[in-house]
Amino acid sequence: MPLIDLANFKTRVIGCSAVMAVGQLISNAIANPATQAAAGMMGGPIALGGVSILAAIAGSIAETMAADELANRMTEGLSKNPRILDNHDLIKAAGEAIGYILREVAKSDRLIAIAETKNLPYPETALSQLAEKTPEYWLDINTNTADLSRGLNISEDQLAKIFSVDAEEFDRVTGLTATDWATFLNEFAASEGKSFDAEIVEFVADKLYAAFPKAYREVLKLDAANGGEKFAAMLSTVRTYFGRVRL
């Protein structure tokens, strides 16, 4: 399996994460500009000041820009903004989401069945160890060589899901391909002196592909219950973006 460019892989994940988070905040604020509905993504109450800022932005957007135009412009702007890569809270949230998925999938009966069928060691311990290391490993990936001009290439269908106020729609977002996740997992495992059977890698990669948006939202929910530092980072991203964009 070919190696991936980790700098650009991380950039794409962070870019997609930023679009997911900001898209959800703005779509909820547009749907309910006078309420705390923007907290829907976070799963709990957020600061009144944050809601006021989102409501003001939402009101301006609703009057001047169609939702699909907003989604495309925001994706373009956020994906090529180098400040996204300096936002450690965004980066940490994405890393924690990856670790969350690895920790959950490590317990899967399917992995046990694959190991037993092929007479392999059970992968639960190795995957759980990787899950513990994920936030640190994720932060340490150097993005200095990332090519921001590549953009994210998020499809119109995916943008519609990102900007949906329906949580089930959002949970069906897929940012990167299963192949991307598989090569990432192989490189991550190798960096920790581990390796997995190809069928196990494929299964775990499919879970990362399908579950990352939902796991990311769960990380933000937990953050909201513990002071909302990551939410503050999302709001900072919103302010930065709309502060430099003429709507």
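Just the heavy atoms: all of them, side chains too, but no hydrogens, waters or symmetry mates, feed the values below.
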When you measure from the side chain of [X] to the backbone N and O of [Y], does any donor-acceptor pair fall under 3.5 Å?
X      : Y      : value
Lys10  : Ile141 : yes
Trp138 : Ile91  : yes
Asn8   : Asp5   : no
Ser108 : Glu104 : no
Tyr100 : Glu218 : no

Parallel, tilted or perpendicular, as decided by the 30° and 60° cut-offs, for the rings of Phe188 and Tyr137: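 Parallel, since the angle between the ring planes stays under 30°.
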Phe184 and Phe9 aromatic ring geometry - parallel, tilted or perpendicular at 30°/60° bounds: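 Taking Phe184 first and then Phe9, their aromatic rings lie parallel (interplane angle under 30°).
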Single-linkage hydrophobic cluster, 4.5 Å side-chain cutoff, Val204 and Tyr122 together: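 No; Tyr122 is not reachable from Val204 via cluster members.
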Where [X] and [Y] come nearest, the two heavy atoms and their spacing:
X      : Y      : result
Leu111 : Ala106 : CD1-CA, 4.3 Å
Ala94  : Val13  : CB-CG1, 4.2 Å
Pro213 : Ala210 : CD-O, 4.1 Å
Ile200 : Pro123 : CD1-CG, 4.1 Å
Ala215 : Ile101 : CB-CG1, 3.6 Å
Tyr209 : Ala178 : CD1-N, 3.6 Å

How long is the span from the [atom1] atom in [X] to the [atom2] atom in [Y], to the nearest 0.5 Å?
X      : Y      : atom1 : atom2 : value
Thr125 : Lys194 : OG1   : NZ    : 8.5 Å
Gln129 : Leu102 : CD    : CG    : 12.0 Å
Leu139 : Lys92  : CG    : NZ    : 8.0 Å
Thr134 : Leu127 : OG1   : CG    : 9.5 Å

Test: Glu199 and Arg110 ion pair at under 4.0 Å: yes
Below 4.5 Å, heavy atoms only, C-beta onward: do [X] and [Y] meet side chain to side chain?
X      : Y      : result
Glu187 : Leu6   : yes
Glu124 : Lys107 : yes
Leu120 : Phe196 : no
Thr143 : Ile14  : no

Within 6.0 angstrom of Glu116 CD, more than 12 heavy atoms from elsewhere: yes
Residues, nucleotides or ligands: over 12 heavy atoms within 6.0 Å of Lys133 NZ: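 Not buried by this count: 12 neighbours or fewer within 6.0 Å.
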Test log, rule side-chain contact (heavy atoms from CB on, under 4.5 Å), inputs Phe212 and Ser17: CA-CA 9 Å; Phe212 179 77; Ser17 298; 3.5 Å; yes
Residues Thr177, Asp180; criterion side chain to side chain donor-acceptor pair (under 3.5 Å); working and verdict: CA-CA 5 Å; Thr177 68; Asp180 287 332; 3.1 Å; yes
Stepwise side-chain contact (heavy atoms from CB on, under 4.5 Å) test for Arg217 and Met20: CA-CA 9 Å; Arg217 186 157 55 86; Met20 287 178 199; over 6 Å; no
